[in-house]
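A quick note: this is a predicted structure, and the numbers were derived from the prediction, not measured. Just so we're on the same page: letters track the sequence lines, and every chain starts at 1.
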Protein chains: 2
Amino acid sequence: MVKSMTDSSNQHSATEPGATSMRRLNTQKVLKATWDRGLVTASELIELTSLTRATVLNQAKELVATGWLREAEDTRAAGAYSKGRPALRYELDAAKSVVAGIDAGQHRISLALADLRGKEIERRSLSVEPGACGEERLRITEELLRGTLEKHGVQKLGALVIGVPAPVDSGGFSPKVADGFWAAMNPDWRAQLAEYTHLFSVENDANLAAVAELGLEESDSFAALMVGERFGAGVVIDGHLLRGTHGLAGEMRFLSHVTGVGDALGLGYLAREQARHALAGGAESSLRRIPAELVRAEDVFQAAAQQDPLALEILESLGRRLAKVVAVISGFAGLQKVILSGAMAGILQPVIDIADRELAREPELTCVQLAVSELGAEVALQGAISRGIELVRATAPFETQNR
Amino acid sequence: MVKSMTDSSNQHSATEPGATSMRRLNTQKVLKATWDRGLVTASELIELTSLTRATVLNQAKELVATGWLREAEDTRAAGAYSKGRPALRYELDAAKSVVAGIDAGQHRISLALADLRGKEIERRSLSVEPGACGEERLRITEELLRGTLEKHGVQKLGALVIGVPAPVDSGGFSPKVADGFWAAMNPDWRAQLAEYTHLFSVENDANLAAVAELGLEESDSFAALMVGERFGAGVVIDGHLLRGTHGLAGEMRFLSHVTGVGDALGLGYLAREQARHALAGGAESSLRRIPAELVRAEDVFQAAAQQDPLALEILESLGRRLAKVVAVISGFAGLQKVILSGAMAGILQPVIDIADRELAREPELTCVQLAVSELGAEVALQGAISRGIELVRATAPFETQNR
DNA sequence: TCAGTAAATTTAGCATCTAAATAAATATCC
DNA sequence: GGATATTTATTTAGATGCTAAATTTACTGA
């Protein structure tokens with residue numbers, strides 16, 4: 001019989017030896033275990049991954065070769081050792097493992113440096129003029145970043161994530177709108193800062209806050225609500241962070257249609273402005289001791305704590321406003337919880353109490369819980385770090401292929 | 001040296017031979033290709049999966065053994081054959097491959113039978129008293145289902161999905177609320193119908209409509225808005241269908257807080273009731289020729305097409321209402337598109353035109369597109385079928401493991 | 001009946017895993 | 001200090017499931 005060479009042509013040669021895909025799975029297991037644990041012996045990896053010793057050591061060797069892991073043969077040095085042959089130990093490679101998060105707020109730009117397990121290395125911040133233009137913000141931010149990296153001898157970051165008070169689409173851009181506020185808050189960060197990092201991302205600050213909360217929350221449908229100068233929400237539903245077209249999910253301009261609300265101005269802004277306005281109008285209040293132009297939101301809350309009538313009245317209106325906002329967003333999105341975030345969160349409890357009272361008047365409509373973030377004023381920063389770690393993680397060998 | 005039997009104990013015996021995971025991947029490839037294509041020869045599978053012939057035949061053999069595929073050696077019978085050894089052909093096993101979708105609406109209960117590739121086998125429906133209780137609905141539905149299954153000789157369904165006009169949580173339950181409407185719409189389907197199917201699911205009807213649209217839409221952030229008796233939305237953001245706590249995502253009760261709207265009553269309901277009310281109040285209109293209690297929404301739209309002033313006035317108010325609703329939900333969720341669904345969708349264009357005009361007055365607030373569903377009055381039914389297929393698919397060998 | 005063709009089947013080789021046996025590095029006890 | 005126990009690394013054998021190539025089978029058509 002004649003040799004049929006046609007046959008081989010229909011065997012449709014595949015690109016690679018097939019077994020690679022399993023290989024990837026196991027590489028991942030080992031890397032992930034090391035990531036979660038920090039510093040592990042091969043034996044611990046065997047325990048954690050349910051793989052054979054041979055496999056674990058093989059994968060680890062390869063991960064060391066690719067630069068993901070580092071060998072650290074100090075079994076003795078670390079006290080936790082008794083008898084027998086000293087164990088090999090592995091940890092994440094330090095060079096890959098520094099990420100930075102930046103919260104580029106309207107009044108202040110903050111930066112945090114952390115390792116891939118989320119341990120913070122440094123945090124610092126600078127004030128900005130609230131009206132500063134995009135270029136000015138770029139300049140200050142770069143200064144802040146360069147200084148910090150130099151101090152710690154970091155050549156290049158694993159990832160850099162920037163949070164801004166503007167909607168951001170999946171490409172990092174904000175919608176172009178007449179007033180130019182969003183444009184000033186979200187200038188071309190990439191052009192200025194890309195050289196400092198391997199991976200780069202711009203995100204909405206409320207979304208970053210939501211990411212941070214996601215790490216703590218047991219509920220999987222909630223919003224992180226920024227309530228300072230303007231309302232803004234990072235919305236997580238069924239465990240997914242929503243982005244929406246042009247990044248507009250969680251934008252609050254629709255509040256113009258809500259009865260008794262009318263705009264997206266934040267509780268901090270209103271506390272301050274209502275107080276100033278009332279004082280200018282001659283209202284009686286203990287706040288009079290402060291010059292009207294210098295009254296801050298905090299002062300109003302403090303005065304309310306002292307039973308000052310004007311301050312109490314203001315808080316009452318804020319509470320009603322908050323209740324409305326929460327009722328609408330939780331009603332539509334099916335939120336279990338709304339977490340108040342941002343710089344003011346710490347002092348908001350009195351307003352929450354009022355809002356709770358209001359919400360209780362329509363029990364059919366709302367089964368949502370109101371809470372204050374436990375992550376402090378700089379939630380967004382923490383979210384940025386988390387997101388940065390996530391970004392690095394996504395570049396880990398083959399991980400994306402299995403999503 | 002002494003034989004160390006202790007060693008084997010630290011090898012932490014893994015459960016299975018490791019190569020299975022890749023096996024799974026390839027099994028999946030073959031199954032998926034067959035699913036998508038319908039009836040394939042091994043050679044086609046080689047082409048589609050980029051696997052070797054040996055592998056494909058092996059996997060196919062196994063899938064036949066597990067009951068997923070069926071061999072169909074009619075290469076000759078099907079005309080498309082020329083020379084050479086006749087090819088083996090495979091297709092999905094028919095026994096596994098019938099799914100049913102039911103749209104259990106307030107006025108009508110519809111049913112569709114389809115195969116796993118979505119090809120409809122039969123569709124039928126029955127009317128119900130709008131006020132019928134849960135038991136009555138169960139009875140009618142079972143009758144409808146049993147009859148259809150008997151006719152086609154189907155013993156047991158691969159999956160059965162029921163759409164109801166009520167929020168449904170991931171367990172299939174609706175929140176318990178005083179008025180009992182949701183309870184009547186979502187009785188204990190499972191107890192009554194589980195015997196007819198392997199997989200069972202209850203879903204909100206608007207969510208099912210959204211699932212159906214998801215198959216056609218190029219946008220990945222949109223809502224399917226039901227506008228008949230009450231508003232209700234199935235919301236897809238970033239390609240994910242939202243459910244929310246207790247299935248409340250897309251619930252419209254929050255409309256009570258929206259200026260100029262005030263409740264979640266649908267366009268169909270309002271067209272009808274406003275017309276009846278106006279006629280009862282003595283308004284002048286061509287609708288007078290119909291007894292007030294028999295005026296339907298359709299009549300109002302028809303009259304408006306004839307320039308009847310009362311009807312035009314009603315449509316104007318509906319258009320403004322729709323614009324409000326759309327502005328709020330798209331504003332908060334970042335929707336690119338809102339698709340009007342349900343029985344009335346076909347005649348709504350005049351209302352959409354008015355809504356578009358209203359939306360254009362605030363271009364900064366809204367960049368959302370309004371459209372009518374192209375899937376006809378029974379979108380939910382189609383969504384139910386899709387969902388059913390998805391459910392069966394999820395039980396396919398190992399597919400879930402790689403998500 | 002005998003090429004010709006297209007497909008299935010068999011075979012060899014390879015990669016990567018587990019499991020088991022063996023070797024190495026250290027601690028402890030005498 | 002040397003034997004022994006202990007812990008770990010390394011090597012080896014066996015299994016699985018893939019690709020690639022060779023071989024066999026089943027049919028068509030002149």
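Separating the CZ atom of A:R85 from the P atom of C:dT28 is a distance of 18 Å, rounded to the nearest angstrom. B:K61 has its NZ atom 6 Å from the P atom of C:dT9, to the nearest Å. Here the C1' atom of nucleotide C:dA8 and the CZ atom of B:R89 are 16 Å apart, to the nearest Å. When the P atom of C:dC17 is taken as reference, atom CG of A:N58 falls 7 Å away, rounded to whole Å. In this structure, A:Y90 places its OH atom 11 Å from C1' of D:dT8, rounding to the nearest Å. Whole-Å rounding puts the B:E71 CD to C:dA7 P distance at 15 Å. Rounded to whole angstrom, the span from the CG atom of B:L51 across to the P atom of D:dA20 amounts to 11 Å. Atom CG in A:L57 sits roughly 14 Å away from atom C1' in C:dA24 (whole-Å rounding).
Listed by chain and residue number, A:A212, A:L375 satisfy the side chain to side chain contact (heavy atoms under 4.5 Å, CB included) test with A:Q382 (two or more places apart in sequence, or in another chain). A:T66 pairs by the side chain to side chain contact (heavy atoms under 4.5 Å, CB included) definition with A:L63, A:W68, not counting sequence neighbours. Listed by chain and residue number, A:A42, A:R53, A:L88, A:Y90 satisfy the side chain to side chain contact (heavy atoms under 4.5 Å, CB included) test with A:L57 (two or more places apart in sequence, or in another chain). Looking at residues two or more places apart in sequence or on another chain, you find a salt bridge (Lys or Arg N to Asp or Glu O under 4.0 Å) between B:R123 and B:E120, B:E378.
Direction change of the helix axis from one end of the helix from C:dT1-D:dA30 to C:dC30-D:dG1 to the other is 20°, with five pairs defining each end axis (rounded to 10°).
The side chain of B:N26 places no N or O atom within less than 4.0 Å of a non-bridging phosphate oxygen (OP1 or OP2) of D:dG17. When the side-chain nitrogen and oxygen atoms of A:Q59 are compared with OP1 and OP2 of C:dC17, one or more of them lie within a distance under 4.0 Å. Of the side-chain N and O atoms in A:S43, one or more sit less than 4.0 angstrom from OP1 or OP2 of D:dT8.
In this structure, A:R393 pairs ionically with A:D36, as a charged nitrogen and a carboxylate oxygen lie closer than 4.0 Å. Salt bridge A:R387/A:E390: present, at least one basic N to carboxylate O contact under 4.0 Å.
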Considering only distance and modelled atom types, tabulate donor-acceptor pairs under 3.5 Å from the side chains of residues 152-162 of chain A, sequence neighbours left out.
unit_1: A:H152; atom_1: NE2; unit_2: A:E122; atom_2: OE1; d: 2.5

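Of the candidates C:dA24, C:dA8, D:dT19, C:dA8 carries the atom nearest the B:R53 side chain, counting heavy atoms from C-beta on.
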